[in-house]
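So the structure is just underneath, and the comments pick up after that.
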Amino acid sequence: LKNRLETMIRRDGVADRVRIRKLAYEDMASVYRENDLLLFPSKQTSTWEEQYGMVLLEAMASGLPIFGYDSGAVGAVVGRAGALSRASRPDGLVKLIKAAVRGNGLKKLASFSRRRAEQLYDSRKTAKTIGTIYKEVANYERK
């Protein structure tokens, strides 16, 4: 899709603001730090809808507000860390971003984003919870 995307970028006159890059996973933390928000317009099809989307967790851990479509599990993962629109209403997504940029919305969503990542998706907390469950199951089996 690279050629198709580059054509669209030139056609829309945003070539000076949009880049397509191929990066190693190790470089992604710096990419998140370079940006002000994550745009995640994942569209549902007749055979697929967005699942757990690791990029959502990484963006939240980086304190990025998330704007996207309410597809599949996106709303459940993002919660108040972002603003979601129906995929059938791309103009709604644009309005959400503009409103957040004009007001204090980006800063507020960024705060929610980081806090949500720390509270719900911290791998150390999750590992501890899973360990507790395993111990309870092991002790139950011994009875």
Side-chain angles (χ1 to χ4, degrees), residues 1-140:
L1 295 174
K2 184 178 180 185
N3 290 337
R4 184 173 166 202
L5 288 172
E6 288 173 340
T7 300
M8 292 168 64
I9 290 166
R10 283 191 302 275
R11 182 197 66 213
D12 292 343
V14 294
D16 60 328
R17 298 184 309 262
V18 176
R19 294 181 295 170
I20 298 174
R21 300 186 289 173
K22 182 177 181 179
L23 300 169
Y25 182 74
E26 297 80 40
D27 297 330
M28 289 309 297
S30 67
V31 171
Y32 289 121
R33 284 191 301 270
E34 293 170 4
N35 291 281
D36 298 315
L37 60 88
L38 175 73
L39 182 59
F40 194 76
S42 181
K43 285 189 173 184
Q44 192 170 315
T45 70
S46 61
T47 59
W48 181 86
E49 61 183 53
E50 189 62 52
Q51 301 301 307
Y52 193 69
M54 197 63 170
V55 67
L56 298 170
L57 304 184
E58 293 168 346
M60 287 189 291
S62 299
L64 290 179
I66 298 165
F67 294 86
Y69 294 141
D70 193 6
S71 169
V74 175
V77 174
V78 172
R80 293 179 50 202
L84 305 176
S85 173
R86 292 189 320 259
S88 61
R89 300 287 316 263
D91 58 319
L93 183 56
V94 171
K95 287 177 185 175
L96 289 171
I97 295 169
K98 284 183 176 180
V101 169
R102 281 190 199 117
N104 197 22
L106 283 182
K107 189 173 183 177
K108 191 175 188 178
L109 288 172
S111 173
F112 288 149
S113 189
R114 178 66 187 183
R115 196 170 330 132
R116 185 169 179 84
E118 290 171 350
Q119 291 174 349
L120 298 179
Y121 302 113
D122 182 304
S123 61
R124 293 166 297 219
K125 289 180 183 178
T126 303
K128 186 174 180 179
T129 300
I130 291 171
T132 300
I133 292 168
Y134 284 160
K135 287 176 186 174
E136 289 175 2
V137 169
N139 287 335
Y140 179 79

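For this chain, numbers begin at 1 and follow the sequence in order.
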Of all the heavy-atom pairs spanning S62 and Y32, show the shortest one and how long it is.
OG-CB, 3.3 Å

How about Y25 and E58: does a side-chain donor come under 3.5 Å of a side-chain acceptor?
yes

Is D36 atom CG crowded by more than 12 heavy atoms from other residues, nucleotides or ligands, each under 6.0 Å away?
no

Show the numbers, then the answer: is there a side chain to side chain contact (heavy atoms under 4.5 Å, CB included) between L106 and F67?
CA-CA 10 Å; L106 283 182; F67 294 86; 3.7 Å; yes

For atom CZ of R19, decide whether the heavy atoms of other residues, nucleotides or ligands shown that lie under 6.0 angstrom number more than 12.
no

Check: V77 and M60 side chains under 4.5 Å, non-hydrogen atoms
yes

Min side-chain heavy-atom separation Y52-V74 under 4.5 Å
no

Do other residues, nucleotides or ligands put more than 12 heavy atoms under 6.0 Å from the CG atom of L1?
no

If you measure from CG on N3 to CG on L5, what distance do you get to the nearest 0.5 Å?
9.0 Å

Between T7 and R11, a side-chain donor and acceptor under 3.5 Å:
no

Answer yes when R21 and E34 have at least one side-chain N-carboxylate O distance shorter than 4.0 Å, and no when they do not.
yes

Indicate whether the side chain of S71 and that of E50 have a donor and an acceptor atom separated by less than 3.5 Å.
no

Kindly indicate, with the supporting measurements, whether the criterion side chain to side chain contact (heavy atoms under 4.5 Å, CB included) is fulfilled by R86 and D70.
CA-CA 6 Å; R86 292 189 320 259; D70 193 6; 5.8 Å; no

I want to check something: taking the side chain as every heavy atom from C-beta on, are L93 and L39 in contact at a cut-off of under 4.5 Å?
yes

Donor-acceptor pair, distance only, cut-off 3.5 Å: does the side chain of N35 make one with the backbone of L37?
no

Assess the residue pair L120 and T126 against the criterion (side chain to side chain contact (heavy atoms under 4.5 Å, CB included)); give the C-alpha distance rounded to whole Å, side-chain angles, the decisive distance to 0.1 Å, and a yes or no.
CA-CA 8 Å; L120 298 179; T126 303; over 6 Å; no

For the pair K2 (side chain) and I20 (backbone), establish whether a donor and an acceptor sit closer than 3.5 Å, ignoring hydrogens and angles.
no

Are the side chains of S42 and Y69 in contact, using a 4.5 Å heavy-atom criterion?
no

